[in-house]
*Asks:* 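Have a look at the structure that comes next, please.
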Amino acid sequence: MLYIASALTPTPIINSIKIPGFTGPNANSLIVAKPDKIELWDVNQRGLEYQAALELWGNIVSIEQVEVEGARPHLLVLTAPPSAHLLLVTFSPSPKPALIITSSIHLTPPTPTLRQAEFFSSVVACGNVALVSLWIGVLSCIEMELEKDKDAKKRRASAIDMEIDERKRLQFRDNFNINIREHNLLHLSFLPVPSTPSGPLISFLWLSATSDLQLQIRTLSTASHAFNDLSKIVDVVTPLSTNVNLTEETNFNHIPFSCPAARRVLPIPSTSSTRDGDYSLMVIGDEHTVLYNLGVVQQSPKALRRLSIISGPNTSPRASARRSPQNEMVNTVNKRRKSSMNSKGTGGADLTNERWELKPVWRVRQGFGTVLAASLLESHGTGASAIIGDECGRLTVVRWEFEKNQGILEGATGQNGTVKVKKVEMGVASPPSSLTYLDSSHVFLSSAAGDSSLIALKPPSPNTAQPPISPSSASDARAVPRKGKGRAREDAEEGSWTVILEDDGNEWRGDVDIKERWMNVAPVKDFCAVPEEGGGLSHLVISSGASNTNSLRVVRSGVGLELVSTIQGVGGIEKSWSLVDSSGAPRLLLSTTTSTLLLEIEPEISLIETAQQIADSPTIAAGILPGADILIQVTSKGVGLWSDVISGLSAGSIDLDKESEIVAAQVYESLIVIAKTGGEVNLLDATANGLSLIASLNVATEISSIAIINSPNLPSPIISIGTWSNDILLYTIAQIQSGSAALTTLKEAFFATSLYLKPSVSPTTSTSGVQLLAGLSDGSLIMYDLEPSGPDGEVIVKSRKVTSLGNRPLKINPTIGPNVSGDKVVGVALTERMSVIFESGERIDTSSVSRKDVICATSLDTPTHGEVLVLANSDEITLVKINSLKKLSISTLDLGDRSATKIIAYNEDLVVDGVVVRTMDAQNGEVLQMSSLELRDSVSLNPLAEMQLKEREEVTALKSLMLNGKQYLVVGTAILPSDEEDEDVEDSYTNVKEGRLLLIDIIKSDSNKEQNVKYTNEETKHELKVIVEKTTEGPVYDLEVIHGFLAVAAGSKLTINRLSPSPQPNLVETSSFTSAFLASHLIVIPASNTSSNVTPEDRLVLGDGLRSIIVLSIDEGDGNIYDDTRDLATHTVNTMGRVRDNGEGVIIGDGHNNILTFRLNEGIETAATFGLHEEIIKFESGSLAPPSSSSEILRPDQLYMTATGRLGIIGELTKTSTKTLDDLQRNLDKYWKSPELSGSGIDWKEFRKGGSELVRRDMAGWIDGDFVQKFLDTSIFTSEESEKILKGSSVHEQIQKINVNGKKEPADRGDVVRILEAASGMH
């Protein structure tokens, strides 16, 4: 069985909303929606303060605020199919601040085969009514109501002595579907204006059956379950005329109020209308923004008989174009789809002598770029201002003001009045998914394509107006016409407004000040695992972002450190201790191979001159005697107490004879334990009057390490002794003093190089329990839970856990902090690299640090810097703060508009990426693109070399492969068709007819021999030398080597090629396979001979992008394909990798966002199914998690990333752990219902189902680590609830474990916790 865990959860923010009064009467709250989580932040003068979060079993599509009189503020949360739900969420301050679900509705399509909406999936609300768009041709209407009085009273009565909100909660009342004729709905919004007698007003923007972009206002009748037309339909491309002939060359700037490629409507509150009863809304396209006025127009009886639906003439492609963000911002192929129904009136509108009409008022041109978000900044009685952000991150503010006391003149002629419009180019940030105005010119910009940020808008000063940037060509048909100086009027029909564009002819430029950034690694395009020297995985490099926010992210498993101070000139340090006396002044005692130093840290760093007796010998152990400012120093020749370190005044000492030597020691408060050569151990007690011997023993073998602990909860101090014969001996002092023969001996495969005893935090022991941390000579960290509860007073071992932190002997340096976000650092472990040991909840955990030069470490609490770690290397001492103990640390290299579409690790020193530079001219919309191949340093990511590719060529495959005993970089490309040949299939290589295969040798060079190579590193120059170039039919999708032959998947064909070295290097095709629909992925499954999987030879697995997998056998001698086995299912392989699941197998991410595995025995056997519901970008062999105990628990060997930034780890569970975790997962699903999710109706098992929307498949063969790890969270489960989960409701539901004899027996909490903690390193 396989275990799946999330090391990094999705990071994009898909929406944000500011809600006043959500957490309190005077509070302002920011609600942030991530794909699987809702976060609540309070907005105050200090910035944003975190309050609570709600994790959901579903993918969030949209959120919306709900305001109903008499109810507390609520939030609507819409999750995506296949487990689509609409949730009502509110805030509960007690018993702890939390977001809770008050009601939910499961949303299903009217017919199972109904397709999901392509352009607009969201929820919008007005009062107690919400509309949901998820499927084509239908809207779900949901009504809400206040909770019943008796339910509210019952809930308040249960909240004794807690703060009570007298306002009621909301719940769903009714749900019905309304069919609509608009199959290509682009946008839907309620107008924030008073409802009419027919119901609330709603704006519809859609693409019609004749490819017209149409806008209409309708009312919603909940009584008749229907929409009623309120206004006539307006074609937003030609709003004032229906006889315009649109062609490819049409200049839309010359068409009055034209808004081509309109995708969004921003309603304006009624307070900003031109007059009472008139309302405004902004229609936003990819180049223009138009303000429309909705008002009542008197109709003649003849006009009342005409309720025609306007259908314009043929349109140009751009008039109805779907202007999506840049191709890389989406990862699926979306084709424009025509409406399947002709446009018909819905009817139902009253035929009175009044008719509502939409009329354009003004238009501004913000420049080319699909607008992704728009929001009001402020509105008032005579105007408003709004901010819009496009796919290139450009932010534009538009402000307009109607002249006072100028309403609409009701005559047939004359002007309606004057409106002043001002457009300000604010600057560039990330492409926004939402723009939320907070206060005082501060805006929260959420992004799904870059880092989200808190920004401050800085308005322009009068002298910042600049001449506009001219289009690239003066003859460009899209040039903006200018009329007069200082003002311009749109061509208009009668009754239009006089529009004054302030400072026409000049562009106002503001500024954007980024105050804070929220990291977002999505959208992920590719990633690679960089190996480290000697094997293992060093770090990951992720290619992410889009548009102007492309980046490379380096992900390491470890601790984030911040340098505080450096102490130079102190070298050769081997050991260190922090000393704090009654004055509170922090000091460091440092030991070299020959001497001892004492440093004062505050108020300034200085060396304290100590007496010769102290300084002339290296120190083995040290401490300060509690209650007295006396230094305890242990050297190889004795123990000394120093009451004055400067003069050398002694308070007592014990010296050894010449034949004896102290080899290990520890000071714990007033107790001193020393180990001498020959195995003699002495326990001493230090007082102000001197030293006294408490107990002694001889273990009759040489000692490698020793430790001691004492506390009021222990009946007697405990000593642990490590021997060179691989034993760890445990004694209590009472045992030694009484001469008890009872002894606890721990046998290990390697000897203990260091030991550390500390109070226990584990629930498997009593309050008198302790934990022993043992560092072994092979780099392993052993954690024992101990309790002195044996029948003869001996120490009992309750549990054991192993973590490998390296390969060299492990040295544990105890610390007393720092505390980081509720976790406490208790030690620093040093092998060939550094790790931090910390307490997290009820368990001990570790996290690595990207430093390999640390020799010793300790902790220090300073008045100036607070709690810091002191790290010493061979040359200096550094004081560092720990920013976070999270398992992953991420650093970013911003690339701007350079998009790395493919990336691989060539070796441990180099990474190679295929780059596409794509820019859009905001004036004429022209997109320029260049592609190249880059070579970078794998650690710093500094560029080393670059090779330009052909025009319209993109890298589609990259591999580092061995051919004829030599390593090559193999590159596959796609040569895109010209604009005339391209059939407008977005983000797809379907129309690509040609590609290239390049065999490249990366060599170091002293001179630039190739003109197409640009060197960027002057010290070590690299050359990308093309050895073989070959044209392919179709794009190259993947590459592999099997039996020394190069397998190339290009188009629908797989070819096997031999590299012929003479006379010129050339790739010769030996065989081919043409029975795939789309040859998209290749992997090699090596030969195996296990009991469960017998594969006599390597086999090549081909992933079909339209079907499933095909297993091919290749002849080792001639490269011929002689056998194939096919899975005929239509999974559509999106990505593929190797996996171990009871033998060698294949893992794929399919077209329905499931993870599937197959075992390859005699045939192809479907093994496991997991509904991830996120698009997987890539599988990569390796693991960022430390090797856990775990060969006996878990073997992590596969990484994956999703487009939303989830970084996951997959590993095979052993048989002993599979049974326990499978039982735990079953019982958790049955008995645990999260308080936050109690009203959601979302079931974990249902959510994790795989398959398609039509045919669902139960999850099988997986343990969901993110789910079962909740059992360790004591804030979720009480002891009674934990016991219920452990025992179930019957003996058959009792969680079982497999004992050493292979038999099943009941498991207790300690057994379950031990397995979960061993697996927790993957999270």
Side-chain angles (χ1 to χ4, degrees), residues 573-592 594-602 606-677 680-697 706-712 716-717 719 733 736-737 757 814 816 858-861 870:
I573 306 299
E574 291 191 337
K575 293 184 179 182
S576 60
W577 299 266
S578 62
L579 305 176
V580 180
D581 58 16
S582 59
S583 67
R587 296 188 176 99
L588 285 176
L589 187 73
L590 308 171
S591 176
T592 69
T594 58
S595 63
T596 296
L597 307 174
L598 186 62
L599 290 183
E600 186 157 27
I601 304 301
E602 297 282 356
S606 60
L607 180 64
I608 299 175
E609 294 292 339
T610 58
Q612 186 176 355
Q613 306 93 300
I614 300 172
D616 283 356
S617 300
T619 300
I620 296 176
I624 293 290
L625 181 63
D629 293 338
I630 294 177
L631 171 65
I632 304 173
Q633 181 188 27
V634 182
T635 67
S636 61
K637 291 303 180 182
V639 181
L641 303 181
W642 307 101
S643 56
D644 191 328
V645 296
I646 297 176
S647 64
L649 181 61
S650 174
S653 65
I654 295 178
D655 296 325
L656 275 61
D657 53 42
K658 294 181 180 180
E659 290 76 19
S660 186
E661 182 181 354
I662 297 176
V663 295
Q666 188 187 351
V667 177
Y668 188 91
E669 297 178 346
S670 65
L671 295 179
I672 308 163
V673 62
I674 60 175
K676 304 176 186 178
T677 52
E680 183 182 351
V681 176
N682 293 331
L683 177 65
L684 307 173
D685 183 36
T687 66
N689 299 321
L691 294 163
S692 59
L693 180 65
I694 297 176
S696 64
L697 77 155
I706 197 165
I708 186 172
I709 189 173
N710 189 25
S711 78
S716 176
I719 295 177
I733 303 304
I736 300 173
Q737 291 173 334
L757 285 164
I816 53 172
T858 186
S859 61
L860 197 65
D861 192 356
V870 181

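For this chain, numbers begin at 1 and follow the sequence in order.
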*Asks:* Quick one, L697 and I719 - any side-chain contact, counting heavy atoms below 4.5 Å?
*Replies:* no
*Asks:* Is the shortest heavy-atom distance from the side chain of W577 to the side chain of V667 under 4.5 Å?
*Replies:* no
*Asks:* Take a 6.0 Å sphere around CD1 of I816 and say whether it holds more than 12 heavy atoms from other residues, nucleotides or ligands.
*Replies:* no
*Asks:* T677 and E661: side-chain donor and acceptor closer than 3.5 Å?
*Replies:* no
*Asks:* So which of D629, L589, L631 actually passes side chain to side chain contact (heavy atoms under 4.5 Å, CB included) with V645?
*Replies:* L631
*Asks:* What heavy-atom pair brings A688 and I630 nearest, and what distance separates the two atoms?
*Replies:* CA-CD1, 3.8 Å
*Asks:* Between T610 and T596, is there a side-chain heavy-atom distance shorter than 4.5 Å?
*Replies:* no
*Asks:* What pair of heavy atoms forms the shortest contact from E669 to I632, and how long is it?
*Replies:* O-CD1, 3.9 Å
*Asks:* Grab the two heavy atoms, one from I706 and one from A675, that are nearest each other, plus how far apart they are.
*Replies:* CD1-CB, 4.1 Å
*Asks:* Less than 4.5 Å apart, side chain to side chain, heavy atoms only: is that true for V580 and I624?
*Replies:* no
*Asks:* First locate atom CG of L597, then atom OG1 of T619, and finally report the distance between them rounded to the nearest 0.5 Å.
*Replies:* 9.0 Å
*Asks:* Please examine the side chains of I694 and L684, heavy atoms only from C-beta on, and report whether any two atoms are closer than 4.5 Å.
*Replies:* no
*Asks:* Looking at every heavy atom in both A686 and L641, which two are closest together, and how far apart are they?
*Replies:* CB-CD2, 4.1 Å
*Asks:* Output yes when a side-chain donor or acceptor of S578 lies under 3.5 Å from a complementary backbone atom of S859, and no otherwise.
*Replies:* yes
*Asks:* Distance alone, cut at 3.5 Å: any donor-acceptor contact between the side chains of S576 and T858?
*Replies:* no
*Asks:* When rounded to the nearest 0.5 angstrom, what is the spacing between CG in D581 and CG in L579?
*Replies:* 8.5 Å
*Asks:* Rounded to the nearest 0.5 Å, how far does OG of S716 lie from CG of N710?
*Replies:* 7.5 Å
*Asks:* Mind checking the OG-CD1 spacing from S636 to I674? Nearest 0.5 Å is all I need.
*Replies:* 11.5 Å
*Asks:* Atom CG in N682, atom CG in L693: separation rounded to 0.5 Å?
*Replies:* 5.5 Å
*Asks:* Quick one: closest heavy-atom pair of S660 and K676, and the distance?
*Replies:* OG-CD, 3.6 Å
*Asks:* Judged by atom type as modelled, is there a donor-acceptor pair below 3.5 Å linking the side chain of Q633 to the main-chain atoms of I614?
*Replies:* yes
*Asks:* Could you check whether any side-chain N or O of S643 sits under 3.5 Å from a backbone N or O of L649, counting only pairs where one atom can act as donor and the other as acceptor?
*Replies:* yes
*Asks:* Could you grab the distance from atom NZ of K637 to atom CD1 of I662, nearest 0.5 Å is fine?
*Replies:* 9.5 Å
*Asks:* Measuring only between side-chain heavy atoms, which start at C-beta, is E574 closer than 4.5 Å to S591?
*Replies:* no
*Asks:* Please give me the minimum heavy-atom distance between K575 and I573, naming the atom from each residue.
*Replies:* O-CG2, 3.5 Å
